[in-house]
Amino acid sequence: MKLYDYRSAPSPRKVRLFIAEKGLDVPTVDVDLRARAQQEPAFLAKNASATVPVLELDDGTCLTESLAICHYLEQQRPEPNLMGLGAREQAYVLMWNDILTLEGYLPLQESLRNGHEAFKGRALPGPVAWEQIPALAERGQRRAAIFFDKLETRLGESEFVAGQRFTYADIVAFVYLGFAPRATGTNPVDGRPALKQWSEAVAARPAIQRAG
Ligand SMILES: N[C@@H](CCC(=O)N[C@@H](CS)C(=O)NCC(=O)O)C(=O)O
């Protein structure tokens with residue numbers, strides 16, 4: 001089994017942190033996104049969407065999408081449980097994964113990719129060369145601020161994102177929070193005390209410190 005990765009990209013970071021929390025040892029292969037290695041035929045044969053992460057299994061099966069990859073790893077190594085125990089907790093983890101990704105990550109991505117020189121002609125990940133729409137950068141910033149207010153409210157009433165213990169939902173939120181300064185130029189923890197306290201607690205976890 002190996003993980004196709006890129007150190008500074010948020011999506012594979014979710015999987016790396018998950019692997020670290022599980023105590024698994026999975027070798028990684030760096031796919032240099034800046035050098036467009038994801039567009040090479042050999043990589044497209046593994047993932048036609050031209051994105052990382054990809055988890056390649058020993059029989060050559062390639063799994064894409066961090067949620068699916070982490071779900072697979074959870075089945076392989078159930079302890080410590082990160083995807084939720086029982087119907088209700090599992091539903092909360094999945095529910096928050098969608099909220100975090102659709103209301104948080106997509107606006108951050110919208111902001112970065114439509115507002116930064118480096119993403120000219122690459123406004124969306126994948127094999128199609130989408131042009132930037134500058135108005136989306138500005139809208140992404142506003143949507144991201146609304147999202148982090150929502151997360152602040154949630155963490156003011158719940159110790160962790162999906163409930164009273166650390167789960168995959170915290171990994172997802174922590175990775176998106178770490179991506180936010182690059183995407184928006186501001187740090188969402190400023191003026192959001194519950195978010196700040198939670199993020200310090202997550203950052204202090206030994207596995208998170210190890211995996212970075
Ligand atoms: N839904 C996917 C998103 C994957 C994704 O968008 N990956 C980005 C890095 S964060 C990528 O590979 N981008 C390639 C590009 O920008 O061309 C997941 O969570 O795994």
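First listed ligand is number 1; within each ligand, the first listed atom is number 1.
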Quick look: A50 vs ligand 1, heavy-atom contacts under 4.0 Å, and the answer is backbone
Let me confirm one number: the CG-CZ distance from D170 to R165, rounded to the nearest 0.5 Å. 9.5 Å
Quick one: does F43 get a heavy atom under 4.0 Å from ligand 1? no
Could you list which atoms of ligand 1 come closer than 4.0 Å to a heavy atom of P53? 20 (O)
Any salt bridge (Lys or Arg N to Asp or Glu O under 4.0 Å) involving residues 32-52? Give me the pairs, sequence neighbours left out, ordered by first then second residue. K46-E56
Numbered in order shown, the ligand 1 atoms found under 4.0 Å of a heavy atom of P10 are 10 (S)
Nearest candidate to atom 18 (C) of ligand 1, where distance is taken over non-hydrogen atoms, out of S66, P127, P125: S66
Is ligand 1 less than 4.0 angstrom away from at least one heavy atom of R36? no
Answer yes or no: is there a side-chain heavy-atom contact under 4.5 Å between Q76 and L24? no
Could you check whether R13 pairs with D5 (Lys NZ or Arg NE/NH1/NH2 to Asp/Glu carboxylate O, under 4.0 Å)? no
Check this for me - ligand 1, R122, N or O atoms closer than 3.5 angstrom, yes or no? yes
Determine whether M83 and Q75 make a side-chain contact, defined as any pair of heavy atoms from C-beta on separated by less than 4.5 Å. no
Ring-plane angle category for Y105 and F179, please: parallel below 30°, perpendicular beyond 60°, tilted otherwise. tilted
State whether a side-chain donor-acceptor pair under 3.5 Å links K14 with Y176. yes
Mind checking side-chain hydrogen bond (donor to acceptor under 3.5 Å, both in side chains) for E117 and listing every partner two or more places apart, or none if nothing turns up? K120
Given L63, V52, L33, identify the one with the heavy atom nearest to atom 4 (C) of ligand 1. V52
Should the heavy atoms of other residues, nucleotides or ligands under 6.0 Å from OH of Y92 be counted, would the total exceed 12? no
Heavy-atom side-chain proximity of L177 to W198 below 4.5 angstrom: yes
Among protein heavy atoms, which sits nearest to atom 9 (C) of ligand 1, and what does the distance come to when rounded to 0.1 Å? A9 CB, 3.7 Å
Please indicate whether any nitrogen or oxygen in Q39 is less than 3.5 Å from any nitrogen or oxygen in ligand 1. no
So which protein heavy atom does atom 17 (O) of ligand 1 come closest to, and at what separation? Q38 NE2, 2.8 Å
Could a heavy atom of R113 be found less than 4.0 Å from some atom of ligand 1? yes
Polar contacts were defined as any N/O atom of the residue lying under 3.5 Å from an N/O atom of the ligand; does this apply to Y105 and ligand 1? no
Residue and atom name of the nearest protein heavy atom (relative to atom 3 (C) of ligand 1), distance in Å to one decimal: S11 OG, 3.6 Å
Which residue and non-hydrogen atom of the protein lie closest to atom 1 (N) of ligand 1, and at what distance in Å? E65 OE1, 2.8 Å
